[in-house]
**Q** 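Dropping the structure in here first, questions after.
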Amino acid sequence: MQNWPGLIKAYKKWLPVTEKTPVISLKEGATPLLLLESISRRIGKGVKVYAKYDGLNPTGSFKDRGMTMAISKAKEEGCEAVICASTGNTSASAAAYARRGGMKAFVLIPDGYVAQGKLAQALVYGAEVLAIRGNFDQALEIVQEASKNYPLTLVNSVNPYRLQGQKTASFEIIDCLGDAPDLLCIPMGNAGNISAYWMGFKEYYKANISKKLPKMIGFQAKNSAPLVENKIIENPETIATAIRIGNPVNKQKAIKAKIDSKGDFYTVSDDEIVQAYKILGKEEGIFCEPASAASVAGLLKIKDKVLAESTIVCVLTGNGLKDPECAINNNDALFYNDLNPNIKEIVKIMGF
Ligand SMILES: *Cc1c(COP(=O)(O)O)cnc(C)c1O
């Protein structure tokens, strides 16, 4: 859609912006809502499962929805430098938008736990990358402290403008389906996104644009599940590095979304995540990152609880190209290498 103006301009009456806000945009938003035929068939019971493919945002994750807001407001307030802690996608997005807005971007990452594509982006977008010997939660404590004491705007999801931007994904889903879905399945790390979606669904419902509210179903990776286990996880581990978080900052908001929506939280194992990741790739033609596949893995896991004829949206938060290492190590492809450049040999392998 050539005329899509980016989400701030498209949804400005729902967002805390004025005529004076300098809009810093890469025309994020308006991502596809795709029917997942193979997944729907696996659930059965006449259920329709859709993917909100937010990995098709400008930097390849939903973080762009929040970042266009956070950076535009930072610019409006005269900020010259932003800072964030990141498992990768926030740093890529913060760097892109900050630089586009003429600001510096400092990003703290857990050394060795950021997928290659995300690190590549932060570097190319011109961030100043600070890799710490520690995990995401420790990086976040540092940036929170730094932003209190120095002229730095914090653009993690504690920044309220982030969630404001991210809530537009719910608007798009309703604009597309004509109503809210029955279930919204979403991976949780810091749990900002589930909180933002819930805010968006409530706002459209209150304005009578939608007739129902979805149940919010959040999924965490098994050894990184502070919200399911209701305790801080000191050393979270999972293949899904984007949700490798032990102490989510939006915990209270997420719990409220769960209770108010009569939803639930569950864990999925790394094996279940990889299964869903492969199915999405080879049966749906959708390449997402492992954290994103947690939403589909979770839905498959709870399929017996799903009511017949439900409409379900799974949020695919990030693009598969972000984490090539995961892709290369986790696929069922037939890959023949070291072949002679000889047609007879080649077609023989193809089975002719
Ligand atoms: C940030 C991120 C998440 C987690 O989102 P929260 O708002 O922290 O819960 C999930 N998937 C991907 C790909 C992400 O980048």
Side-chain angles (χ1 to χ4, degrees), residues 28 31 51-67 70 84-94 96 107 109-110 113-115 117-119 121-122 136-137 139-140 155-160 162-167 169-170 184-200 216-221 224-228 236 238-255 257-258 265 268 273 276-277 280 286-298 314-323 326:
E28 54 296 307
T31 56
K52 180 63 173 163
Y53 192 12
D54 248 2
L56 289 188
N57 274 299
T59 79
S61 83
F62 76 83
K63 299 300 197 296
D64 295 343
R65 291 183 182 277
M67 212 53 80
C84 65
S86 178
T87 60
N89 282 331
T90 300
S91 63
S93 188
V107 307
I109 58 170
Y113 286 93
V114 171
K118 305 177 188 181
L119 184 57
Q121 287 178 292
F136 171 85
D137 303 288
L140 185 63
V155 295
N156 281 102
S157 57
V158 283
N159 179 316
R162 279 274 310 273
L163 301 197
Q164 287 290 327
Q166 287 168 216
K167 77 183 178 188
S170 299
L184 191 282
C185 296
I186 186 166
M188 297 186 296
N190 262 315
N193 213 23
I194 190 170
S195 310
Y197 267 85
W198 181 236
M199 177 161 57
M216 304 298 286
I217 315 291
F219 297 101
Q220 296 200 293
S224 306
L227 290 167
V228 179
T238 167
I239 190 170
T241 51
I243 52 172
R244 184 175 168 269
I245 289 170
N247 188 13
V249 291
N250 296 295
K251 180 177 171 181
Q252 294 312 330
K253 287 194 185 84
I255 292 171
K258 176 179 95 165
F265 296 162
V268 283
I273 289 174
Y277 173 82
L280 283 165
I286 297 176
F287 188 20
C288 66
E289 63 173 285
S292 311
S295 63
V296 173
C314 293
V315 182
L316 299 184
T317 45
N319 197 301
L321 291 169
K322 295 272 191 175
D323 194 346
C326 174

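Atoms within a ligand are numbered from 1 in the order they appear, just like the ligands themselves. All residue numbers refer to positions in the sequence shown, counting from 1.
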**Q** Just by modelled atom types, is the Glu28 backbone N or O under 3.5 Å from a matching donor or acceptor in the Asp64 side chain?
**A**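 No: the side chain of Asp64 does not pair with the backbone of Glu28.
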**Q** What atoms of ligand 1 come closer than 4.0 angstrom to any heavy atom of Gly189?
**A** 4 (C), 6 (P), 8 (O), 9 (O)
**Q** Counting N and O atoms only, with roles assigned by atom type, does the side chain of Arg244 sit under 3.5 Å from a partner on the main chain of Ser224, one being a donor and the other an acceptor?
**A** no
**Q** Go through the steps for Ile239 and Cys326 under the test side chain to side chain contact (heavy atoms under 4.5 Å, CB included), then give the verdict.
**A** CA-CA 8 Å; Ile239 190 170; Cys326 174; 4.0 Å; yes
**Q** Check each atom of ligand 1 against the heavy atoms of Gly192 and keep those under 4.0 Å away; list them by number with element.
**A** 6 (P), 7 (O), 9 (O)
**Q** Which ligand 1 atoms are under 4.0 Å away from a heavy-atom of Ile243?
**A**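 Listed by number with element, the hits are 3 (C), 4 (C), 10 (C).
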**Q** In ligand 1, which numbered atoms sit nearer than 4.0 Å to a non-hydrogen atom of Glu289?
**A**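 Answer, ordered by atom number: 13 (C).
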**Q** So if I apply the side-chain contact (heavy atoms from CB on, under 4.5 Å) rule between Cys84 and each of Val158, Leu140, Val107, which one comes out positive?
**A**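 That would be Val107; it is the only one of Val158, Leu140, Val107 passing the side-chain contact (heavy atoms from CB on, under 4.5 Å) with Cys84.
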**Q** Among protein heavy atoms, which sits nearest to atom 1 (C) of ligand 1, and what does the distance come to when rounded to 0.1 Å?
**A**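 Checked against all protein heavy atoms, atom 1 (C) of ligand 1 sits closest to Lys63 NZ, 1.4 Å.
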**Q** Any side-chain to backbone donor/acceptor pair from Asn190 onto Asn250? Under 3.5 Å, distance only.
**A** no
**Q** Assess whether atom CZ of Phe287 is packed by more than 12 heavy atoms of other residues, nucleotides or ligands within 6.0 Å.
**A** yes
**Q** When rounded to the nearest 0.5 angstrom, what is the spacing between CD in Gln166 and NZ in Lys63?
**A** 7.0 Å
**Q** Any donor-acceptor pair under 3.5 Å linking the side chain of Ser93 with the backbone of Thr90?
**A** no
**Q** Report the nearest protein non-hydrogen atom to atom 5 (O) of ligand 1: residue, atom name, distance rounded to 0.1 Å.
**A**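 It is Phe62 CZ, 3.4 Å.
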**Q** Taking 4.0 angstrom as the limit and counting only heavy atoms of Gly318, give me the atoms of ligand 1 inside it, by number and element.
**A** 13 (C)
**Q** At a non-hydrogen distance cut-off of under 4.0 Å, which region of Asn250 contacts ligand 1 (side chain, backbone, both, or neither)?
**A**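 Under 4.0 Å from ligand 1, Asn250 contributes no heavy atoms.
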**Q** Specify the protein heavy atom at minimum distance from atom 8 (O) of ligand 1: its residue, its atom name, and the distance to 0.1 Å.
**A**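 Atom 8 (O) of ligand 1 sits closest to the protein heavy atom Asn190 N, 2.7 Å.
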**Q** Please write down residue, atom name and distance for the protein heavy atom closest to atom 11 (N) of ligand 1.
**A** Thr317 OG1, 2.7 Å
**Q** Taking the minimum heavy-atom distance to atom 7 (O) of ligand 1, which of Asp323, Asn319, Ile194, Asn193 ranks first?
**A**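 That would be Asn193.
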**Q** What atoms in ligand 1 come closer than 4.0 Å to a heavy atom of Ala291?
**A** 11 (N)
**Q** Sub-3.5 Å donor-acceptor pair from the side chain of Ser295 to the main-chain atoms of Val315, do we have one?
**A** yes
**Q** For the side chain of Glu289 and the backbone of Ala242, is there at least one donor-acceptor N/O pair under 3.5 Å apart?
**A** no
**Q** Purely on distance, is any nitrogen or oxygen of Asn89 under 3.5 Å from one on ligand 1?
**A** yes
**Q** Please confirm whether Ala191 comes within less than 3.5 Å of ligand 1 when only nitrogen or oxygen atoms on both sides are compared.
**A**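 Yes.
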**Q** Only heavy atoms of Met188, strictly under 4.0 Å: list the atoms of ligand 1 that pass.
**A** 9 (O)
